[in-house]
Amino acid sequence: MLFARGGSRSPTLIATENPMSSQPVPQVRLPAGETIPVMGLGTWYLGEDPARRDSELAALRLGIDIGLTLIDTAEMYGNGRAEALVGEAIAGRRDEVFLVTKVLPSHASYADTIQACRQSLGRLGTDRLDLYLLHWRGQVPLEETVRAFEELVRLGMIRYWGVSNFDTQDMAELLSVPGGQAVQTNQVLYNLTRRGIEYDLLPALQRQGIPVMAYSPIEQGRLLDHPAIITVANELEATPAQVALAWVMTRDGVNLIPRAGTHQHVLENRAAVGQRLTEQHLRALDEAFPPPRRPRPLEML
Ligand code: NAP
């Protein structure tokens, strides 16, 4: 075991098949017991281009309408403009979404974390976050940031907390600091071209029942013209984006947060939830994008 935490847990991907609804969004269980959708909505770069703002706002609202009710944002994105856009998208329907934002490492001291959270809440137009993540590890001791997260929970400003871009060693350290075992997720870069976490971090988190939240699941669009993905997409009568997303969804204990700024992309991504890759497709994708055979440093975007 690469890092230890009290007791192992069962797999976190739960099928919620409902014959009345064609393709319900499966849920992933957090260590706290609550479940979140396997697919959510990313927001990096949203809210930055005034010409695209209306389309992006409509895309977020559509995503919520069709079950992608996990929204991931960050104080860093557009210096708060993405949070402000999300605030507009969820106005009047806050209870429908599981809202995630992130504190910058430069704000991760005890006092600054609380202040940053207050500012994020203001931009998001809400009184609480569902999940607050440390965006990546910086200079502030983990123990101090965890104490701030605990205080935010006590104040009712956040419900849960987690981390992002933590490698295996960072996770081991986190789980050893007081209160560190309350971590609910590690949001990391994971897609067909970024499979390094399969060597050690992903299995360790799976054993601990801590879900991975996969960011950039279509590699910011760079995966879309890969011949192996196009071949599988043609066989399935799917799009390359759907193949890339469906592949991430074959992993246990992983959810994903593709960003889509248009109606068409949101609908397409949502439809990937029902896309089934066969063993043959998975083998072809493994050949084109081999799994890691040795430890690799955690990649970040
Ligand atoms: P991504 O989701 O892999 O890719 C987004 C790009 O793909 C956009 O250009 C989007 O275009 C396009 N796209 C989306 N759906 C598509 C479809 N069906 N067909 C064709 N193109 C499609 O990249 P990402 O935004 O980097 O990652 C997702 C989210 O993860 C971010 O938005 C952010 O919330 C989070 N993230 C976190 C970290 C971290 O450090 N924790 C780092 C990176 C990202 P349109 O806009 O035109 O739809």
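Every number for a ligand or one of its atoms is a count from 1 in the order of the listing. Note that the structure is a prediction, hence the values are computed from the model and not measured.
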Backbone or side-chain N or O of [X] under 3.5 Å from ligand 1 N or O:
{"X": "Ala241", "result": "no"}
{"X": "Thr73", "result": "no"}
{"X": "Gly42", "result": "no"}

Quick test: of every protein heavy atom, which one is nearest to [atom], and how far off is it to 0.1 Å?
{"atom": "atom 13 (N) of ligand 1", "result": "Ile218 CD1, 3.5 Å"}
{"atom": "atom 32 (O) of ligand 1", "result": "Trp44 N, 2.8 Å"}
{"atom": "atom 39 (C) of ligand 1", "result": "Tyr215 CE2, 3.3 Å"}
{"atom": "atom 46 (O) of ligand 1", "result": "Arg52 NH2, 3.0 Å"}
{"atom": "atom 28 (C) of ligand 1", "result": "Ile257 O, 3.0 Å"}
{"atom": "atom 23 (O) of ligand 1", "result": "Gln220 CG, 3.4 Å"}
{"atom": "atom 18 (N) of ligand 1", "result": "Asn269 OD1, 2.8 Å"}
{"atom": "atom 35 (C) of ligand 1", "result": "Asp72 OD2, 3.5 Å"}

*Side-chain (Tyr132) to main-chain (Cys117) donor-acceptor, under 3.5 angstrom*: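 A pair under 3.5 Å: yes.
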*asked:* Could you check whether any side-chain N or O of Lys102 sits under 3.5 Å from a backbone N or O of Thr73, counting only pairs where one atom can act as donor and the other as acceptor?
replied: yes
Side chain or backbone of [X] under 4.0 Å from ligand 1, or both, or neither, by non-hydrogen atoms?
{"X": "Tyr45", "result": "neither"}
{"X": "Ala74", "result": "neither"}
{"X": "Asn191", "result": "neither"}
{"X": "Ser216", "result": "both"}
{"X": "Leu133", "result": "neither"}
{"X": "Arg259", "result": "both"}

Distance filter under 4.0 Å to [X] heavy atoms, resulting ligand 1 atoms:
{"X": "Gly261", "result": "45 (P), 46 (O), 48 (O)"}
{"X": "Ala260", "result": "48 (O)"}
{"X": "His135", "result": "39 (C), 40 (O), 41 (N)"}
{"X": "Pro258", "result": "2 (O)"}
{"X": "Tyr77", "result": "33 (C), 34 (O), 35 (C), 36 (N), 37 (C), 38 (C)"}
{"X": "Leu224", "result": "20 (C), 21 (N)"}
{"X": "Lys102", "result": "41 (N)"}

Could you tell me if [Y] and [X] have a donor-acceptor pair between their side chains, going purely by distance under 3.5 Å?
{"X": "Tyr215", "Y": "Asp72", "answer": "no"}
{"X": "Glu83", "Y": "Ser120", "answer": "yes"}
{"X": "Glu48", "Y": "Tyr77", "answer": "no"}
{"X": "Thr126", "Y": "Arg94", "answer": "yes"}
{"X": "His107", "Y": "Gln115", "answer": "no"}

Charged N-O contact under 4.0 Å between [X] and [Y]:
{"X": "Arg194", "Y": "Glu219", "value": "yes"}
{"X": "Asp167", "Y": "Arg296", "value": "no"}
{"X": "Glu56", "Y": "Arg53", "value": "no"}
{"X": "Arg128", "Y": "Asp95", "value": "yes"}
{"X": "Glu150", "Y": "Arg147", "value": "no"}

*Separation of Phe149 CZ from Leu134 CG (nearest 0.5 Å)*: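 Separation between the atoms: 5.5 Å.
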_From His265, Met300, Glu56 - option closest to atom 48 (O) of ligand 1 by heavy atom_ =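 Closest candidate by heavy-atom distance is His265.
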*Establish, for the pair Arg251 and Trp247, whether the NZ or CZ atom is under 6.0 angstrom from the six-membered ring centre and no further than 45 degrees off its axis.*
yes
Solution key, residues 256-267 side-chain donor-acceptor pairs under 3.5 Å, sequence neighbours excluded:
residue: Arg259; atom: NE; partner: Trp44; partner atom: O; Å: 2.9
residue: Thr262; atom: OG1; partner: His265; partner atom: N; Å: 3.1
residue: Thr262; atom: OG1; partner: His265; partner atom: ND1; Å: 3.4
residue: Gln264; atom: NE2; partner: Glu268; partner atom: OE1; Å: 3.3

